[in-house]
Amino acid sequence: MEPIIEVKNLVKTFDSRGKKITAVNDVSFNVFKGEIFGMIGPNGAGKSTTFSMLTTLTKPTSGSIKIAGFDVEKQDDKIRPIIGIVPQKLSLYPLLTTRENLEFMGKLYNLPKKVMEERIDYYLELVGLEDSADSFTEGFSGGMKQRLSVICAMMHDPQILFWDEPSTGLDPQTRQAIWKLAKKFNEDGKTLIFTTHYMEEAENICDRVAVMNSGKMVALDKPEVLKKTSGSSNLEQVFMHFAGEEVYN
Ligand SMILES: Nc1ncnc2c1ncn2[C@@H]1O[C@H](COP(=O)(O)OP(=O)(O)OP(=O)(O)O)[C@@H](O)[C@H]1O
């Protein structure tokens, strides 16, 4: 299998009021093209910091990251067009309508008008937001915002989608809709990498799951293998085994 993300000896330290915090501590792993890759771990484990470095937003302290063969530090201009990011804190424009938010993203990536319009109509229908196309996003529910955020991130047809906590705070029905969308994205041979606190989702959706704890990647494998090697019957027990903490949602 061809790796599309290659991470070697990645380290990120922060200086917090004179105290050194090692958020990511010598992490190495690959993500393969077309894979659904999940990252789990307790709060503060280093998942979001890893994401931030993978998506070129934060500079690593040391180590290397290649995305589709491009170096994150030297070739970020080559990486940004092929990745989509749905951040933990969603960043929609409340005073723009749904359609305007999508057009804004399309224009950032210089999409031709016709392609942009076709894509907007297709995505709005896919996530069931067609009736809210001309509504301001200000009063949207969490689920509507999450659905719009992911199609904003998909407007430029990225090869890899980074999604930080896709389903946190959403009701089960909306979570199902979100995962349907994620699977659709992946069906086209694209790579999805996401963080989650929902173990059942990680177990059902991911090809492989990485467990992070205190800045380290303490386990990485297929859910079935993780369960077997840790003598667990589900991913919650895997989490407890490797992260030494109880799962919370
Ligand atoms: N900008 C920053 N300055 C100082 N410390 C930071 C900064 N960003 C993250 N940290 C620290 O780095 C560690 C890892 O944080 P990170 O947000 O990556 O964890 P996480 O696994 O994503 O947690 P969560 O599940 O809560 O999102 C934490 O101790 C956090 O306080």
Side-chain angles (χ1 to χ4, degrees), residues 3-16 19-32 35-55 57-58 60-65 85-89 146 160-170 172 175-176 178-179 182 186 191-249:
I4 195 160
I5 300 175
E6 297 162 87
V7 179
K8 283 201 186 110
N9 305 112
L10 187 64
V11 175
K12 180 68 190 179
T13 58
F14 292 106
D15 182 39
S16 176
K19 203 173 140 226
K20 186 174 139 190
I21 294 173
T22 306
V24 177
N25 190 357
D26 196 14
V27 164
S28 301
F29 65 100
N30 286 343
V31 177
F32 301 111
E35 208 175 15
I36 300 188
F37 187 97
M39 285 173 82
I40 60 174
N43 286 124
K47 306 179 297 293
S48 298
T49 307
T50 303
F51 256 46
S52 190
M53 291 187 280
L54 293 177
T55 52
L57 302 174
T58 301
T61 304
S62 61
S64 70
I65 303 172
I85 309 169
V86 193
Q88 207 177 99
K89 288 198 183 90
Q146 188 64 266
I160 312 170
L161 189 65
F162 291 87
W163 203 345
D164 207 355
E165 297 194 21
S167 49
T168 298
L170 302 181
R175 271 158 54 189
Q176 258 189 5
I178 289 288
W179 288 121
N186 175 250
T191 309
L192 172 66
I193 170 165
F194 71 96
T195 69
T196 185
H197 288 297
Y198 294 95
M199 298 303 119
E200 203 186 310
E201 288 181 352
E203 185 168 349
N204 293 336
I205 290 156
C206 295
D207 295 309
R208 286 190 306 153
V209 174
V211 187
M212 286 198 73
N213 193 25
S214 304
K216 294 267 185 199
M217 192 168 278
V218 290
L220 166 60
D221 221 314
K222 293 179 180 148
E224 286 312 307
V225 178
L226 289 177
K227 285 193 281 184
K228 209 168 169 189
T229 50
S230 61
S232 309
S233 56
N234 57 43
L235 216 61
E236 294 204 12
Q237 288 174 8
V238 168
F239 183 99
M240 279 172 68
H241 179 88
F242 288 108
E245 294 195 28
E246 297 223 12
V247 177
Y248 56 91
N249 283 327

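How far CD1 of Ile5 is from CD1 of Ile160: 4.5 Å, rounded to the nearest 0.5 Å. With rounding to the nearest 0.5 angstrom, the OG atom of Ser62 is 7.5 Å from the CG atom of Leu10. Here the straight-line distance linking atom CZ of Phe194 with atom CD1 of Ile178 works out to 12.0 Å at 0.5 Å rounding. Within the model, atoms CG of Leu54 and CZ of Phe162 stand 5.0 Å from one another, a figure rounded to the nearest 0.5 Å. Within the model, atoms OG of Ser48 and CE of Met39 stand 8.5 Å from one another, a figure rounded to the nearest 0.5 Å. Distance check, rounded to the nearest 0.5 Å: OG1 of Thr191 to CZ of Phe32 gives 11.0 Å.
The side-chain heavy atoms of Phe242 and Asn213, taken from C-beta on, include no pair separated by under 4.5 Å. You'll find the side chain of Ile193 stays beyond 4.5 Å of the side chain of Trp163, heavy atoms only. When side chains are defined from C-beta on, Thr49 counts as touching Phe14, because their heavy atoms get closer than 4.5 Å. Two residues are said to be in side-chain contact when any heavy atoms from C-beta on lie closer than 4.5 Å; Val209 and Leu220 fail this criterion. Side-chain contact between Phe51 and Pro87 is absent, with no heavy-atom pair separated by less than 4.5 Å.
Annotation: side-chain hydrogen bond (donor to acceptor under 3.5 Å, both in side chains) contacts of Glu201 (sequence neighbours excluded): Ser167, Arg175, Trp179. Annotation: side-chain contact (heavy atoms from CB on, under 4.5 Å) contacts of Thr61 (sequence neighbours excluded): Val11, Lys12, Thr13. Residues satisfying the side-chain contact (heavy atoms from CB on, under 4.5 Å) test with Asn204, not counting sequence neighbours, are Glu200. In this structure, the side-chain hydrogen bond (donor to acceptor under 3.5 Å, both in side chains) partners of Thr195, at least two apart in sequence or on a different chain, are Asp164. By the side-chain hydrogen bond (donor to acceptor under 3.5 Å, both in side chains) test, Ser230 is found to be paired with Ser232, residues two or more places apart in sequence or in another chain being considered. Val225 pairs by the side-chain contact (heavy atoms from CB on, under 4.5 Å) definition with Asp221, Lys222, Thr229, not counting sequence neighbours. Judged as a side-chain contact (heavy atoms from CB on, under 4.5 Å), and not counting sequence neighbours, the contacts of Asn186 are Ile36. Partners of Glu165 according to the salt bridge (charged side-chain N to carboxylate O under 4.0 Å, His left out) rule, which considers only residues two or more places apart in sequence or in another chain, do not exist here. Residues satisfying the side-chain hydrogen bond (donor to acceptor under 3.5 Å, both in side chains) test with Ser233, not counting sequence neighbours, are Gln237.
Identified under the salt bridge (Lys or Arg N to Asp or Glu O under 4.0 Å) test for residues 206-220, with sequence neighbours left out: Glu35-Arg208.
Taking both residues in full, the closest heavy atoms of Leu235 and Met199 are given as CD2-O, 3.6 Å, listed atom of the first, atom of the second, then distance. For the residue pair His197 and Pro42, the shortest heavy atom distance occurs at CE1-C, 4.5 Å. In this structure, Ala202 and Thr196 approach most closely via the heavy-atom pair CB-CG2, 3.9 Å.
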Taking it one step at a time, do Thr50 and Val7 satisfy side chain to side chain contact (heavy atoms under 4.5 Å, CB included)? CA-CA 10 Å; Thr50 303; Val7 179; 6.0 Å; no

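Panel note: side chain Lys47, backbone Gly41; a donor-acceptor pair is recorded below 3.5 Å.
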Determine all donor-acceptor pairs shorter than 3.5 Å in which one atom belongs to a side chain in residues 20-31; sequence neighbours excluded.
{"from": "Asp26", "atom 1": "OD1", "to": "Asn9", "atom 2": "ND2", "distance (Å)": "2.9"}
{"from": "Ser28", "atom 1": "OG", "to": "Asn9", "atom 2": "N", "distance (Å)": "2.8"}

